[in-house]
Amino acid sequence: MKRNENREGIKGMANPGRYGIERVSYWLMRITGLGLLAYLIGHIYETSSILNGKSVWDSMLQLTQTTQGHIILTLVIGMCVFHTANGIRLMFAHGGFGVGKPTRPDYPYIPNSQNMKNKLCIYASIGVAALAMMYGLSVLFGE
Amino acid sequence: MAEEQSPTEASSKTVTLRIAKSNPEHDSASQFAEFKVPYERWTTVLDAILDVKKHMDHSVAVRYSCRQASCGSCGMKINGRPGLACFTKISELNSDVVTVEPMNNYPIVRDLVVDLEGMFSTHKKMKPFIINEESEVTANTKEFLQTPEQVEEYIQFSNCIKCGLCNSACPTMATDSSFLGPQALTQAYRYVADNRDKGKNERLKIIDESHGIWRCHFAGSCSQVCPKGVDPAMGIQMLRGYLLGFKK
Ligand code: SF4
């Protein structure tokens, strides 16, 4: 008998809706991880330009002094702060801490692992990242 | 496809039921057939589908059995989220249109029916039974006594009805066809946490592989769709606690 594959694929994986803030945090964690990896590669490329002499290094530094450069750096600040803060929550959760205790489930079956502590940590990570980005913007775009 | 009206007894409210229809034997693309179905406060999505099947389109393929969230047969995507059709009331969806599709991450057999064979085989891989040389009942064996606290450690996870909704909601399952999945991993935890079981090391070895437990990123969607309160996300994190040495 023939079957049709019905895997959701990247689109389903990346869709942050449908499943609440935990799935949004999963998605942000992946995106910020990839963003930071891209930044790290760019950063290594940028700093290694010093091997080509002072003028190349200076012109490379000039790139970060533009409006686009400032926006990218602000995003990096946000990504870094969110990834760190949410990462600490996840490190604990992955060890089995803060995910609730097994109990006899009762209708309407609210899962203990999706508890308020975890939700608050996610909101706090987003909030702290937003604050850090605002601070970054004020420093980069301030006189 | 054309919209049809159910001839069942008059109800003040009707809903448009969109059913994804596909037959892998003949075509590959899914098409939606629309039906106007009367409903009451207590009408479930499964009732509505069976109403369509009885009065408007006998060819709709749907799997069901107990109609009371015990058998785990009628899992499907209801308005974009995996759910049991017999456990979801039309009235609680707060929508004039209800779209039902086959669960994602399982091959489609026809219309709303998916092939759960992959999930059953990963489930079996977890050795879902008590491993204990003294567990055979003989004339000399007594029953294993457990304290209520020892039972609490695993009883929640033994509620699994193998409906497969958790695997359908899981973002890792969406892209990794070799991932063991929340259903199987939770069942591994169910037995590891049972103090009668002596197969912990065997099971930890099975799940500690590249497409095993480390692919779970605690998105929690599995726990949000589980109709029996199993909370697979919790079970998986606890299980990881054993591998990381936080639990003995
Ligand atoms: S853990 Fe819950 S959602 Fe997953 S198969 Fe078991 S009962 Fe269904």
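In what follows, chains are A, B, ... by sequence order, proteins preceding strands, each numbered from 1.
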Exercise. Can you tell me how far the CE atom of M173(B) sits from the CE atom of M119(B), to the nearest 0.5 Å?
Worked result: 9.5 Å
Problem set entry | Atom group of S177(B) that falls short of 4.5 Å from chain A, counting heavy atoms | both
Problem set entry | Contact origin within Y26(A) toward chain B - heavy atom pairs under 4.5 Å | side chain
Exercise. For F157(B), is it the side chain, the backbone, both or neither that has a heavy atom under 4.5 Å from a heavy atom of chain A?
Worked result: side chain
Exercise. Based on non-hydrogen pairs under 4.5 Å, which of G17(A), S113(A), G96(A) is most in contact with chain B?
Worked result: S113(A)
Exercise. Is it the side chain or the backbone of V114(B) that comes within 4.5 Å of chain A heavy atoms, both, or neither?
Worked result: neither
For this session: Determine the option with the most heavy-atom pairs under 4.5 angstrom with chain B, choosing from E22(A), K101(A), Q114(A), R30(A).
Result: Q114(A)
Problem set entry | Derivation and outcome, salt bridge (Lys or Arg N to Asp or Glu O under 4.0 Å), residues E8(A) and R18(A) | CA-CA 14 Å; E8(A) 237 185 340; R18(A) 296 184 292 170; 3.1 Å; yes
Seminar exercise, completed: When the 4.5 angstrom heavy-atom criterion is applied to L90(A) and chain B, the contacting part is side chain
For this session: Using a cut-off of under 4.5 Å on heavy-atom pairs, state which of E25(B), R110(B), M238(B) scores highest against chain A.
Result: E25(B)
Problem set entry | Test ring-ring contact (aromatic ring centres under 6.0 Å, His included) applied to F97(A) and F246(B), step by step | CA-CA 9 Å; F97(A) 301 105; F246(B) 297 126; 5.2 Å; yes
Exercise. With respect to chain B, which residue among K2(A), K11(A), R7(A) yields the maximal number of heavy-atom pairs within a distance under 4.5 Å?
Worked result: R7(A)
Problem set entry | chain A contact via A169(B) - which portion, at a heavy-atom distance below 4.5 Å | both
Exercise. V98(B) and I78(B): side chain to side chain contact (heavy atoms under 4.5 Å, CB included), yes or no, with the steps?
Worked result: CA-CA 7 Å; V98(B) 173; I78(B) 303 167; 4.1 Å; yes
Seminar exercise, completed: Highest number of heavy-atom pairs under 4.5 Å with chain B among R23(A), E5(A), M1(A), M29(A) belongs to R23(A)
For this session: Check each atom of N15(A) against the heavy atoms of chain B and say whether the ones under 4.5 Å are side chain, backbone, both or neither.
Result: neither
Problem set entry | V151(B) versus chain A, the contacting section by heavy-atom distance below 4.5 Å | side chain
Problem set entry | Option that, when pairs with chain A are counted at under 4.5 Å, heavy atom only, ranks first among M103(B), E153(B), E101(B), K228(B) | K228(B)
For this session: Just give me the residue among G241(B), S221(B), G235(B) that pairs up with chain A most often, heavy atom to heavy atom, under 4.5 Å.
Result: S221(B)
Problem set entry | chain A contact via P102(B) - which portion, at a heavy-atom distance below 4.5 Å | both
Exercise. Hey, which of G20(A), P105(A), A14(A) has the most heavy atom pairs under 4.5 Å with chain B?
Worked result: P105(A)
Exercise. Quick one: what part of D176(B) sits under 4.5 Å from any heavy atom of chain A, side chain, backbone, both or neither?
Worked result: backbone
For this session: Taking atom OH of Y64(B) as the centre, report whether more than 12 heavy atoms of other residues, nucleotides or ligands fall under 6.0 Å from it.
Result: no
